[in-house]
Amino acid sequence: MSGALERIPFAWWNTKVSPPSIRASATERHRTAVVDILRALVEQHGCLLVALAEVQGENVLGWLPDGLRASWNAVSDTSGERHAFDVAIAYDRRTLTLMDHRWVRTYHATHAVRAGLVATFGVHDRGGWLIVAAAHWRSNVGDAAGADALRSRSAEVLRDAILASTEAVGEDVPVLILGDFNAEPFDKQFDASLPTSRSRAAVQRHRPRSRSDLLFYNAAWRWLGERHAWDGEQQPPTLAGTFCSTGTVRPTSWRTFDQVLVSPSLLRRDGWSLDERILGIHDDSAVFDRAGARPRAPFDHLPIVGHLRWLAPPTID
């Protein structure tokens with residue numbers, strides 16, 4: 001890599017390799033498809049950071065192209081515990097240096113809560129910091145009401161961990177939160193516990209009144225409905241979220257569980273900024289079945305791809 005760093009392309013994806021509700025291991029065909037898609041994200045989209053879910057116990061670096069493994073690293077839970085975290089962050093260490101990380105866990109009514117991973121990176125060339133959080137919260141399988149309470153608790157402790165990480169390096173540090181939250185942007189977890197807004201202006205105007213008074217911009221509001229407009233002539237495939245449940249497609253099968261949240265510091269006109277023109281759902285044929293209008297089996301989530309862009313401060317004549 002040469003020249004000053006202008007962009008940090010990133011991706012998020014729930015791979016379904018190790019879903020917590022299914023104890024069977026992924027098939028060889030499934031793993032091969034994951035490797036092919038991950039390599040496309042890195043080689044074709046140029047991703048320098050990829051956060052993954054449902055990869056418990058997996059060697060995610062081994063999924064990268066041979067020529068890149070030596071220059072990448074990964075943060076994953078290597079504890080071997082039965083209830084280990086199933087998220088990981090792989091990153092190009094020629095661009096990013098891992099300075100610190102926190103596995104965010106607690107308990108709620110005797111239930112273990114794994115809220116996510118919060119990693120602090122130093123950014124090469126441009127200097128400064130970038131905090132990245134990756135999360136995979138409890139689904140409704142088994143006990144919907146209990147799962148909702150666990151998601152709310154996850155949101156609270158993840159917020160507190162992000163706050164602690166920002167205070168360790170500077171409160172104005174950019175924060176990028178990626179996750180499969182098993183909740184949609186309008187759900188209560190993104191109101192009181194981990195406050196977000198669909199309005200960039202509201203986030204930009206926000207002035208904290210206490211140390212925990214955070215507000216993030218949730219870019220996933222854009223993905224709540226059909227991606228392609230209907231005109232009566234074309235017949236675009238339905239793509240109406242980031243997740244589609246398996247089995248018969250029902251009115252509520254599509255959900256926007258996978259989301260990108262950013263701090264106000266990534267909504268500025270100088271420094272690192274979210275480039276929302278590029279942020280979106282990855283619908284390559286390897287992962288999206290256009291004829292069936294759903295993620296290609298065995299997947300049920302579509303990847304998210306985006307960019308952080310470096311903007312030089314405006315010059316003053």
Side-chain angles (χ1 to χ4, degrees), residues 9-45 47 49-65 74 76 85-90 116 134-141 178-184 220 222-228 236-260 279-306:
F10 63 86
W12 162 262
W13 186 31
N14 182 332
T15 66
K16 206 182 178 182
V17 169
S18 65
S21 60
I22 303 175
R23 296 304 174 191
S25 300
T27 65
E28 193 61 33
R29 182 179 178 183
H30 184 163
R31 290 176 180 276
T32 299
V34 169
V35 169
D36 290 344
I37 294 164
L38 177 60
R39 293 183 177 186
L41 294 174
V42 173
E43 293 183 318
Q44 297 175 21
H45 291 270
C47 289
L49 182 146
V50 181
L52 302 168
E54 296 192 2
V55 292
Q56 182 179 347
E58 298 294 329
N59 175 21
V60 297
L61 288 180
W63 296 348
L64 292 169
S76 58
F85 285 82
D86 71 350
V87 295
I89 298 176
H136 180 208
W137 293 349
R138 185 70 63 89
S139 75
N140 282 344
V141 173
L178 309 170
D180 166 14
F181 299 104
N182 278 300
E184 300 208 64
R222 291 173 173 268
W223 309 329
L224 285 177
E226 286 278 7
R227 179 174 186 174
H228 305 288
T238 279
L239 197 168
T242 67
F243 164 87
C244 185
S245 57
T246 57
T248 302
V249 177
R250 302 183 185 281
T252 58
S253 290
W254 278 100
R255 301 293 185 92
T256 304
F257 286 161
D258 304 272
Q259 299 171 43
V260 175
L279 180 66
I281 300 169
H282 179 71
D283 63 348
D284 183 84
S285 61
V287 71
F288 180 63
D289 178 2
R290 296 180 66 85
R294 64 189 309 157
R296 186 173 299 282
F299 306 119
D300 50 11
H301 289 261
L302 298 174
I304 304 299
V305 180

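Throughout, residue positions are numbered sequentially from 1 according to the sequence presented. These numbers come from a predicted model, not from an experiment. These numbers come from the heavy atoms of this one structure, side chains and all, not from hydrogens, waters or symmetry mates.
- Within the 4.5 Å cutoff, the side chain of Phe243 has no heavy atoms near those of the Asp180 side chain.
- The shortest distance between side-chain heavy atoms of Arg290 and Asp283 falls below 4.5 Å.
- Taking the six-membered ring for Trp and thresholds of 30 and 60 degrees, His282 and His45 have ring planes more than 60 degrees apart, a perpendicular arrangement.
- Arg294 has its side chain out of reach of Asp300: every pair of non-hydrogen atoms, C-beta onward, lies at least 4.5 Å apart.
- When all heavy atoms of Val60 and Leu38 are compared, the pair lying nearest together is O-CD2, 4.3 Å.
- His30 contributes a side-chain N or O that, together with a main-chain N or O of Thr15, makes up a donor-acceptor pair within less than 3.5 Å.
- Within the 4.5 Å cutoff, no side-chain heavy atoms of Asn140 are placed close to those of Asn182.
- Heavy-atom minimum distance, Trp223 versus Ile304: CH2-CG2, 3.6 Å.
- The distance from the CG atom of Leu302 to the CG atom of Asp284 is 10.5 Å, given to the nearest 0.5 Å.
- For the atom pair Leu178 CG and Leu49 CG, the distance stands at 7.0 Å (nearest 0.5 Å).
- Rounding to the nearest 0.5 Å gives a distance of 11.5 Å between CZ of Arg255 and OG of Ser139.
- With values rounded to the nearest 0.5 angstrom, Asn14 atom CG is found 7.5 Å from Asp86 atom CG.
- In this structure, Arg227 contributes its side chain and Ile281 its backbone to a donor-acceptor pair below 3.5 Å.
- For Glu58 against Arg31, the heavy-atom pair with the smallest separation is OE1-NH1, 2.6 Å.
- Across all non-hydrogen atoms, the minimal contact from Ala135 to Trp137 is CB-NE1, 3.6 Å.
- Between Val42 and Leu64, the shortest heavy-atom distance links the atoms CG2-CD2, 3.9 Å.
- Classified by interplanar angle (parallel below 30°, tilted 30° to 60°, perpendicular above 60°), the ring pair His301/Phe257 is tilted.
- Of the possible polar contacts, none joining the Ser253 side chain to the Thr246 backbone as a donor-acceptor pair under 3.5 Å is found.
- Remark: Phe85 CZ to His136 NE2 distance equals 12.5 Å, nearest 0.5 Å.
- Counting only heavy atoms from C-beta outward, the side chains of Leu41 and Val305 approach each other to under 4.5 Å.
- The closest side-chain heavy-atom distance from Ile37 to Trp63 is not below 4.5 Å.
- The two residues Val87 and Val55 make their nearest non-hydrogen contact at C-CG2, 4.2 Å.
- From Glu184, atom CD reaches atom CG of Asp258 across 10.5 Å, with rounding to the nearest 0.5 Å.
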